[in-house]
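Residue numbering restarts at 1 for every chain, and letters A, B, ... go by the order of the sequence lines.
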2 protein chains.
Amino acid sequence: MNQSGRNINPHISVDCVIFGFSTNQLKVLLIRRAFTESSGKHINDHKLPGDFITLNEDLDLAASRTLEELTGLKDIYLQQFIFLGKPDRISNPMDIEWLNATTGHKIQRVVTAAYFSLINITDTNSAFAIKNNATWIDVKQVPNLAFDHGTIICTGLAHLQLALRNEPIGFELLPEKFTIRELQTLYEVILDCTLDNRNFRKKILKSSYLVQLEEKQRGVAHKPAYYYSFDRKIYEKHKKESLGFNF
Amino acid sequence: MNQSGRNINPHISVDCVIFGFSTNQLKVLLIRRAFTESSGKHINDHKLPGDFITLNEDLDLAASRTLEELTGLKDIYLQQFIFLGKPDRISNPMDIEWLNATTGHKIQRVVTAAYFSLINITDTNSAFAIKNNATWIDVKQVPNLAFDHGTIICTGLAHLQLALRNEPIGFELLPEKFTIRELQTLYEVILDCTLDNRNFRKKILKSSYLVQLEEKQRGVAHKPAYYYSFDRKIYEKHKKESLGFNF
DNA sequence: TTTAGTTAGCGTATTTTTTACGTTTACTTT
DNA sequence: AAAGTAAACGTAAAAAATACGCTAACTAAA
């Protein structure tokens with residue numbers, strides 16, 4: 001089956017670890033994959049979103065295209081974190097059969113650029129996800145995945161953690177306005193640690209780019225919290241390079 | 001000229017930003033490129049080390065191969081940092097002509113995996129570099145380079161800085177035994193900052209993986225410094241995750 | 001209406017780290 | 001022997017991080 005399948009480059013693909021934050025959990029968007037092998041065995045598992053690039057497509061644009069197909073959103077936070085180039089990384093016959101069937105190409109060797117992206121789940125249009133058999137799954141409850149996607153997620157999470165330590169990218173996962181407790185919980189689930197609420201709020205309120213709104217929470221059985229928003233312009237203006245180093 | 005050139009995959013390449021530290025300077029290994037265009041114009045510039053992968057070669061192994069060809073060393077510290085996938089990133093006719101000539105392929109679109117590596121320059125066998133027209137150049141004095149290699153170096157340096165803040169990888173650039181002043185200078189040139197020698201030594205001597213040797217410097221016109229070595233086993237054993245975050 | 005439960009927010013105290021800087025020691029050169 | 005220089009030892013102050021108490025402010029239950 002030579003060159004009669006989709007108009008793709010069958011050697012280069014992008015995979016996306018799409019992180020979202022909801023109900024105090026860090027979640028990842030996975031695609032349910034269901035098909036029947038030639039042997040008659042029915043497969044029902046999950047995989048990461050991703051696709052082969054088209055013949056002349058920019059890798060970053062391919063990743064953005066994948067995100068938009070699943071969420072309906074443009075200009076989503078997107079960060080490369082690893083590329084996978086072992087010649088034998090696709091060796092499971094089931095995976096090979098599935099790839100050949102879905103691309104119309106005889107897939108051999110694939111080099112993959114992996115990205116992680118951050119989305120506020122409530123911004124997404126669930127119709128897109130439903131149409132593509134995509135579902136949000138708690139990062140701590142990821143099932144066994146196709147290909148090397150489990151490993152990719154672990155690596156993506158490590159890169160997300162490192163990035164979050166150095167830049168306030170967590171805001172990409174939150175709605176326009178949020179409470180300090182929501183921000184703290186976000187940091188706790190991503191960094192997998194426990195933070196003291198009193199020390200956390202003191203620390204982040206020292207920044208000039210966290211803006212307290214006049215609006216407070218409603219309908220909560222405790223003292224209502226103020227809402228805050230992230231002022232990216234102030235952040236970019238006062239962005240300071242961290243000069244410290246761990247030793 | 002189809003498939004009659006070198007036995008390579010003409011679509012995927014690796015580029016290496018090889019950092020070395022010498023005479024208190026962070027240096028990068030560049031390849032001098034000299035050839036005559038079909039128009040008769042003589043080109044004499046520099047480029048990063050790199051190569052196309054062979055047909056079934058692992059990307060990481062291709063990068064290691066490139067390093068070994070230039071330095072004679074195996075098992076060098078190697079870190080991926082970016083994957084370049086814009087379809088039009090090779091557009092300079094001179095670069096295209098050079099690629100076609102040196103590969104024996106009609107090169108069109110190239111996707112490149114960029115790595116940075118860290119080498120103690122004195123460990124290298126200069127015969128290898130000489131043979132390959134490679135020369136060490138101060139990172140602050142890099143000339144205009146072929147392709148997008150200038151951009152790749154800048155990005156590589158940023159990744160090196162981030163990595164150095166989080167892990168003591170600077171030791172890869174130093175000899176087996178070194179003084180604290182050498183380590184400090186290394187940090188200063190990579191992070192592009194000035195550190196107080198008294199505070200720097202206090203900080204790093206708190207770690208258990210910096211081992212003071214009995215040997216001291218000789219032939220210096222001031223109090224001789226003690227030599228130290230980096231105990232990787234102690235480091236791996238006591239490696240502690242940094243739980244802090246910048247805000 | 002009062003009470004209970006819960007979290008937000010304000011706060012103090014202590015510890016740790018960072019930063020700034022002085023001084024003595026120990027070598028080579030003059 | 002003196003001078004010059006950097007290593008090493010050190011103190012002090014400031015800043016940041018950590019630990020934790022307590023009051024305020026809401027809803028729900030009694």
Could you pull out every donor-acceptor pair under 3.5 Å between side chains of residues 162-172 of chain A and any protein atom, sequence neighbours left out?
{"from": "A/Arg165", "atom 1": "NE", "to": "B/Ser242", "atom 2": "O", "distance (Å)": "3.1"}
{"from": "A/Arg165", "atom 1": "NH1", "to": "B/Ser242", "atom 2": "O", "distance (Å)": "2.9"}
{"from": "A/Arg165", "atom 1": "NH1", "to": "B/Leu243", "atom 2": "O", "distance (Å)": "3.2"}
{"from": "A/Arg165", "atom 1": "NH1", "to": "B/Gly244", "atom 2": "O", "distance (Å)": "2.8"}
{"from": "A/Arg165", "atom 1": "NH2", "to": "B/Ser242", "atom 2": "O", "distance (Å)": "2.8"}
{"from": "A/Asn166", "atom 1": "ND2", "to": "A/Leu162", "atom 2": "O", "distance (Å)": "2.8"}
{"from": "A/Glu172", "atom 1": "OE2", "to": "A/Arg232", "atom 2": "NH2", "distance (Å)": "2.7"}

Donor-acceptor pair, distance only, cut-off 3.5 Å: does the side chain of A/Asp231 make one with the backbone of A/Ile234? yes

Between [atom2] on [N] and [atom1] on [X], what's the gap in Å once rounded to a whole number?
{"X": "B/Phe178", "N": "D/dA7", "atom1": "CZ", "atom2": "C1'", "result": "16 Å"}
{"X": "B/Lys206", "N": "D/dC9", "atom1": "NZ", "atom2": "P", "result": "15 Å"}
{"X": "B/Leu195", "N": "D/dA7", "atom1": "CG", "atom2": "C1'", "result": "16 Å"}
{"X": "A/Glu182", "N": "C/dT7", "atom1": "CD", "atom2": "P", "result": "14 Å"}
{"X": "B/Leu210", "N": "D/dA8", "atom1": "CG", "atom2": "P", "result": "11 Å"}
{"X": "B/Asn197", "N": "C/dC21", "atom1": "CG", "atom2": "P", "result": "13 Å"}
{"X": "B/Leu205", "N": "D/dA7", "atom1": "CG", "atom2": "C1'", "result": "12 Å"}
{"X": "B/Asn246", "N": "C/dT17", "atom1": "CG", "atom2": "P", "result": "16 Å"}

Compute both the distance and the angle, then confirm whether A/Lys203 meets the cation-pi test with B/Phe245: under 6.0 Å from the six-membered ring centre, within 45 degrees of the axis. yes

Return whichever of B/Phe245 or B/Tyr226 has its heavy-atom-nearest nucleotide of DNA chain D closer to the 5' end. B/Tyr226

In the 5'-to-3' direction, what one-character label does each nucleotide of nucleotides 20-30 of chain D receive under the scheme B = base within less than 4.0 Å of a protein heavy atom, S = sugar-phosphate only, - = no such atom? BB--BBBS---

Mind listing the side-chain donor-acceptor pairs of residues 134-145 of chain A below 3.5 Å, one per line with the distance, residues two or more places apart or on another chain?
{"from": "A/Asp138", "atom 1": "OD1", "to": "A/Lys140", "atom 2": "N", "distance (Å)": "3.0"}
{"from": "A/Asp138", "atom 1": "OD2", "to": "A/Gln25", "atom 2": "NE2", "distance (Å)": "3.3"}

Give a yes or no on whether A/Asn44 atom CG has more than 12 heavy-atom contacts from other residues, nucleotides or ligands under 6.0 Å away. yes

Classify the angle between the aromatic ring planes of B/Phe247 and A/Phe200 as parallel (below 30°), tilted (30 to 60°) or perpendicular (above 60°). perpendicular

Does a side-chain N or O of A/Arg181 approach OP1 or OP2 of C/dT7 to a distance below 4.0 Å, or not? no

